[in-house]
J.: 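Below are the structure tokens for one structure; questions will follow.
Just so you know, ligand 1 is whichever comes first in the structure, and atom 1 is the first atom listed for that ligand.
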Amino acid sequence: MKFHPLAAVAAMSLGSAGSAAPVLAPPATLGPQVQPYVHLPAGQIAIQHLRIIDGTGAAPIDDATLLIDGSKIGAILPTGSPVPAGFRTLDGTGETALPGLVGMHNHLYYLQLPNLDASGKFEQPIIIPQMTFSAPRLYLANGVTTMRTTGSVETYTDLALKREIDAGRLVGPHLDVTGPYLEGPGSFFIQNHPITSPEDARKEVAFWGDQGVNSYKAYMNITRAELGAAIKEAHRRGLKLTGHLCSVTYPEAVALGIDDLEHGFFVNTQLDPGKQPDKCSDGGGTPTLLKMTPGSPEANALIKLLVDHHVAVTSTLPVFEQDIPSHAPLQARQMEVLTPQAKEAYLYNRNRVASRAGSPRAEQSLQAYKNDLGLERQFVAAGGLLLAGPDPTGNGGVIPGFGDQREVELLVEAGFTPLEAVKIATLNGATYLGLADRIGTIAPGKNADLFIVKGNPATKIDDIENVVVVFKDGVGYDSARLIQSVKGRFGEY
Ligand SMILES: [Zn+2]
């Protein structure tokens, strides 16, 4: 998506500078841990009377025959066309196919706040256990066929998970493994190497590049010089770097060559009062967002800067929805996958936020949220590449997979059409990853990475939740059985 002349030169001269396994591995034989979740083995399948939302933003085809030929999409035929010999026919009446979701802010861990009490107090240190068992299943079950981990805690574990999934030994989506948070001293959590200098940042990027990560993420306490050194080393390896920033403002990060900015417009600190260079501000971006109303001169200038420099923005609305007192509660199907402790923590937090209703703080959260929605729409209208992900971290309120569907629903609430929202969550992610020729839309010749839901998300976006089957490389996975296998487990492992 972004052209880096220096990176191209370096890649040519250094040959195998990076050692990352590709995000999309060739399909492997599926082992005994995966087989129980296979609903339809790869083969020649014709699904008739199916509605198809192809992910380009185009109007749906209301009645088509979709041919899946091995690991690829064979063809989309008009209704009534003869089915080629050898294809098994299935009836898709009342169902809709969508491209597999490309989750661009999807973690594989769960944040734990020790001894969290009803007032929201907890003790340090914050601990982040891995959800290496439950999260990949929840993602795949809910239609996510490719995802970026967007910041890792146990990076070796995430790399090993990718290796096992790619080898057919564990079940889960295609992974873009992001390295550990590139973060200075004063990190939010203890399991992170604190970067101390630009050379240290470069070494950290180089080390994890050699271990095989696919991408990088900078975090809230990093200096401009450290971020610049990290970006340079990432680009030298032909890899991209995103950031959940605070100490570095959005315009500063653009000038340093960042590829993507996480959390929409929530964490830009350029107008925060008292912002010191290279230091995170107290407001963490909220004062800037409150000032930066959509269409204001400040907003217009920032959006032009991002679009001109081809910097993507990742929308993570589900995690911010949690700060709105009137936000939707978790559905029963989501509550069921949480451990009892995670359920309790979620309910504490939900009550705490609900009790703020009408307070100045709640009004501020609501205004910031509204401004962000408007800015995300303005960014897309100006030609910006908006990506989507739920950011499932703490408090149980955002859950892998379910959260990816919620992100699409919230994009529609923000004013995007359902077809635009689907495109943001599919083709745009594929485009950013440089994989749009293989995934992100339903088109002949592309990988058969797609999912089928009951209903019609083009008119009722909530139907995206009614997943029947998820195809990854032409293998149809049983959504319900995957979810059943992690009931009561998310938050534990
Ligand atoms: Zn995150």
J.: Would you check, one step at a time, whether the test ring pair (Phe, Tyr, Trp, His ring centres under 6.0 Å) holds for His244 with His105?
T.: CA-CA 11 Å; His244 167 176; His105 195 128; 7.6 Å; no
J.: Any N/O/S atom from His107 (main chain or side chain) under 2.8 Å of the Zn ion (ligand 1)?
T.: yes
J.: Suppose we only allow N, O or S atoms; which atom of His105 ends up nearest to the Zn ion (ligand 1)?
T.: NE2
J.: Would you call Asp278 and Arg224 a salt bridge, taking side-chain N to carboxylate O under 4.0 Å as the test?
T.: yes
J.: Is the distance between the Zn ion (ligand 1) and the nearest N/O/S atom of Glu262 smaller than 2.8 Å?
T.: no
J.: So which of the N, O or S atoms of Asp391 lies nearest the Zn ion (ligand 1)?
T.: OD1
J.: Taking N, O or S atoms only and a limit of 2.8 Å, check whether His244 reaches the Zn ion (ligand 1).
T.: no
J.: Salt bridge or not for Asp308 and Lys304, using N-O below 4.0 Å?
T.: yes
J.: Salt bridge or not for Arg333 and Glu336, using N-O below 4.0 Å?
T.: no
J.: Can a salt bridge be assigned to the pair Arg489 and Glu492 using a cut-off of 4.0 Å between side-chain N and carboxylate O?
T.: yes
